[in-house]
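Here is the structure we will look at.
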Amino acid sequence: MANDASTVFDLVILGGGSGGYAAALRGAQLGLDVALIEKNKLGGTCLHNGCIPTKALLHAGEVADQAREAEQFGVKASFEGIDIKAVHKYKDDVISGLYKGLQGLVASRKVTYIEGTGHLSSPTSVDVDGRRVEGRHVLLATGSVPKSLPGLEIDGNRIISSDHALTLDRVPESAIILGGGVIGVEFASAWKSFGTDVTVIEGLKHLVPVEDENSSKLLERAFRKRGIKFNLGTFFQSAEYTDGGVKVTLADGKTFEAEVLLVAIGRGPVSAGLGYEEQGVAMDRGYVLVDEYMRTNVPTISAVGDLVPTLQLAHVGFAEGILVAERLAGLKPVPIDYDGVPRVTYCHPEVASVGISEAKAKEIYGADKVVALKYNLAGNGKSKILKTAGEIKLVQVKDGAVVGVHMVGDRMGEQVGEAQLIYNWEALPAEVAQLIHAHPTQNEALGEAHLALAGKPLHSHD
């Protein structure tokens, strides 16, 4: 196969999602000659089928709820329903604007962008629709797709994935959502705001089970108040069509019926048939295995993003892609502390966290060495104004740093930036307590929580 490129690239990237394009942009910035290969659209899952479109739907749902609830703020308004075509236009306009901006950014950095389906053909080359693209190093960043369960076929009709849900031409009257993780609860939240009767099925004992248990319980309480139903602690057994929709049976025999079934049990890596194993790349259940510098066992190949078994978050992909580019350019990047990555679930109310849970802290440091404090948002003026409920929970090593910040409430995702600094800079409660937080803001709640943890509470009880 002929190599059409006039030179051998410094870096050939297979996949133009968050991790791939971040590596391309940073690599080009550092003087590397970069080729970026993408078979679909630049921006990948996050921009086109994940972060951006789902948050647009959630915001549309938030506006719908505000219209319904306007009277409690003294505003006369009426809610007349959801125009789903207009919602999709709003969503697609957001995506389109970002997509055009990203295309311009890649072009401005002089990245060689190649559209087509790539296949790893050697440790230093990728074949793309009859063309061989050679590089001194190859970065695998082929991302992920929605997963299903054995015997459960996602048909795009009544049994759908998140990809289908993002383009659904109607608001379903009722929906069963299989999976109570981030994707599941975000769609549950948006659809409930649109008027759908929602039931979430989660096999583990809590919603958002990777979060601190206190956050899960607070979200469950909020969902009950909103009328979002859920069944916890029993696993899925089967699904079948009915005259009007889908019937789901659980392992204990309990059944649920709805118009549609959204399968939201997570995403799996895209790696099959791409030549990875043939070139000796170490794999595990479809994931590419890497070290802390994103290096595979093949010296000329790295991998990032949803393809590797790290947190499936766009901002993690960005960071991993940047790390690879900087390493290849001769810099000395620091490995990523994945506990220090901010995590946000954008349902209503939002769940945000950074660091480790109280349970994990007790495992690591011992139960007698861990202090936990909860600050109720009822004591926060701006939260009162917004009529949001929730808590900020701090986890501290006794007489030491704060190792976990866990927040539930509207707009908590906007507060996680400071929480990230607190964790990653190993701040002591007294150090945060002496910082002055603007009043009235929700951000002030973080300051108040640290005041309380430092032994000098202001707007909270001892």
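Throughout, residue positions are numbered sequentially from 1 according to the sequence presented.
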**Close side-chain approach of Val94 to Asp92, heavy-atom, < 4.5 Å** = no

**Asked** Can you check whether Ala175's main-chain N or O pairs, donor with acceptor, with Thr196's side chain at less than 3.5 Å?
**Response** no

**Request:** In plain terms, say whether Glu259 and Arg158 are close enough for a salt bridge, that is, a side-chain N and a carboxylate O under 4.0 Å apart.
**Result:** no

**Asked** Is a donor on one side and an acceptor on the other found under 3.5 Å between the side chain of Ser302 and the backbone of Leu139?
**Response** no

**Item:** Glu414 atom CD, neighbour heavy-atom count above 12 within 6.0 Å
**Value:** no

**Item:** Heavy-atom pair with the smallest gap, counting every atom of Thr112 and Phe9
**Value:** OG1-CE2, 3.5 Å

**Prompt:** Are any of the side-chain heavy atoms of Ile177 and Val198 separated by less than 4.5 Å?
**Reply:** yes

**Asked** Out of curiosity, Glu202 CD to His206 NE2, how far, rounded to the nearest 0.5 Å?
**Response** 10.5 Å

**Message:** Please report the interatomic distance CG(Leu421) to CD(Glu418), rounded to the nearest 0.5 Å.
**Reply:** 7.0 Å

**Request:** Side-chain contact test, heavy atoms from C-beta onward, threshold under 4.5 Å: evaluate it for Phe256 versus Thr249 and give yes or no.
**Result:** no

**Message:** For the residue pair Asp306 / Ser144, report whether a side-chain donor-acceptor contact shorter than 3.5 Å exists.
**Reply:** yes

**Under 3.5 Å donor-acceptor, Gln442 side chain and Arg411 backbone** = no

**Prompt:** Is a side-chain N or O of Gln396 found less than 3.5 angstrom from the main chain of Gly400, in a donor-acceptor match?
**Reply:** yes

**Prompt:** Does one side chain, of Tyr241 or Asp155, offer a donor that lies under 3.5 Å from an acceptor on the other?
**Reply:** yes

**Message:** Could you go through Lys41 and Leu47, starting from their C-alpha distance and side-chain angles, then the distance that decides it, and tell me whether this counts as side chain to side chain contact (heavy atoms under 4.5 Å, CB included)?
**Reply:** CA-CA 9 Å; Lys41 287 185 176 180; Leu47 178 53; over 6 Å; no

**Prompt:** Under 3.5 Å, is there a donor-acceptor pair between the Ser122 and Arg132 side chains?
**Reply:** no

**Item:** Atom CD of Glu426: over 12 foreign heavy atoms under 6.0 Å
**Value:** no

**Asked** Under the side chain to side chain contact (heavy atoms under 4.5 Å, CB included) criterion, do Leu149 and Leu178 qualify, and how do the steps go?
**Response** CA-CA 10 Å; Leu149 295 170; Leu178 182 59; 3.9 Å; yes

**No-hydrogen, no-angle side-chain donor-acceptor test under 3.5 Å, Glu211 and Ser216** = no

**Asked** Going by an N to O cut-off under 4.0 Å, is there a salt bridge joining Arg131 and Asp127?
**Response** no

**Request:** Could you check if a side-chain atom of Ile176 sits within less than 4.5 angstrom of a side-chain atom of Val246, using non-hydrogen atoms only?
**Result:** no

**Prompt:** Are any side-chain N or O atoms of Asn297 and backbone N or O atoms of Ala282, one a donor and one an acceptor, separated by less than 3.5 Å?
**Reply:** yes

**Request:** Decide, yes or no, whether a salt bridge links Asp33 with Lys110 under the criterion of side-chain N to carboxylate O below 4.0 Å.
**Result:** no

**Message:** Tell me whether Glu173 at atom CD has more than 12 heavy atoms from other residues, nucleotides or ligands lying less than 6.0 Å away.
**Reply:** no

**Asked** Met412 and Val408: which non-hydrogen atoms are nearest, and at how many Å?
**Response** CG-C, 3.7 Å

**Prompt:** If every non-hydrogen atom of Val185 is compared with every non-hydrogen atom of Val208, which pair is closest and at what distance?
**Reply:** CG2-CG1, 3.9 Å

**Asked** Got a donor-acceptor contact below 3.5 angstrom from the Lys91 side chain to the Leu166 backbone?
**Response** yes

**Message:** Does either side chain, that of Asp337 or that of Tyr423, offer a donor lying less than 3.5 Å from an acceptor on the other one?
**Reply:** yes

**Request:** Answer yes when Lys55 and Glu186 have at least one side-chain N-carboxylate O distance shorter than 4.0 Å, and no when they do not.
**Result:** yes

**Message:** Could you tell me if the side chain of Ile392 sits less than 4.5 Å from the side chain of His406, heavy atoms only?
**Reply:** no

**Asked** What heavy-atom pair brings Arg26 and Ile322 nearest, and what distance separates the two atoms?
**Response** CG-CG2, 4.0 Å

**Item:** Carboxylate-amine/guanidinium contact Asp197 Lys192, below 4.0 Å
**Value:** no

**Prompt:** Has the side chain of Glu391 got a donor or acceptor atom that lies under 3.5 Å from a matching backbone atom of Lys393?
**Reply:** no

**Prompt:** Can you find a pair of side-chain heavy atoms, one from Asp129 and one from His119, that are under 4.5 Å apart?
**Reply:** no

**Message:** We want to know whether His348 and Asp410 form a side-chain donor-acceptor pair, criterion being a heavy-atom distance below 3.5 angstrom.
**Reply:** yes

**Request:** Report yes if the side chains of Ile160 and Asn157 come closer than 4.5 Å at any heavy-atom pair, otherwise no.
**Result:** no

**Prompt:** Say you draw a straight line from CZ of Arg136 to CG of Asp10; how long is it, rounded to the nearest 0.5 Å?
**Reply:** 5.0 Å

**Request:** Report yes or no: does Thr345 contribute a side-chain atom to a donor-acceptor pair with the main-chain N or O of Val182 at less than 3.5 Å?
**Result:** no

**Message:** Centroid separation under 6.0 Å, is that true for the rings of Tyr99 and His48?
**Reply:** yes

**Item:** Flag for Asn214-Glu358: side-chain donor and acceptor within less than 3.5 Å
**Value:** no

**Request:** Could you walk me through whether Thr54 and Tyr346 pass the side chain to side chain contact (heavy atoms under 4.5 Å, CB included) test, one step at a time?
**Result:** CA-CA 9 Å; Thr54 54; Tyr346 295 87; over 6 Å; no

**Asked** Is Asn424 reaching over with its side chain to a backbone N or O of Gly340, donor-acceptor style, under 3.5 angstrom?
**Response** yes

**Request:** Show the numbers, then the answer: is there a salt bridge (Lys or Arg N to Asp or Glu O under 4.0 Å) between Glu115 and Lys39?
**Result:** CA-CA 6 Å; Glu115 291 186 5; Lys39 69 176 182 178; over 6 Å; no

**N/O donor-acceptor pair under 3.5 Å between Ser193 side chain and Ser189 backbone** = yes

**Where Leu58 and Cys347 come nearest, the two heavy atoms and their spacing** = CD2-CA, 4.3 Å

**Request:** State the CG-CG distance between Leu232 and Leu207, to the nearest 0.5 angstrom.
**Result:** 5.0 Å

**Request:** Hey, could you give me the CG/CD distance between Leu57 and Glu62, rounded to the nearest 0.5 Å?
**Result:** 13.0 Å

**Message:** Let me confirm one number: the CD-OG distance from Gln312 to Ser18, rounded to the nearest 0.5 Å.
**Reply:** 11.5 Å

**Prompt:** Can you tell if the side chain of Thr199 reaches within under 4.5 Å of the side chain of Ile201, non-hydrogen atoms only?
**Reply:** yes

**Request:** For Val354 and Ala419, work out which heavy atoms get closest and say how close.
**Result:** CG1-O, 3.4 Å

**Request:** Take Ser271 and Tyr287 through the test side chain to side chain contact (heavy atoms under 4.5 Å, CB included) and record every step on the way to the result.
**Result:** CA-CA 7 Å; Ser271 59; Tyr287 290 100; over 6 Å; no

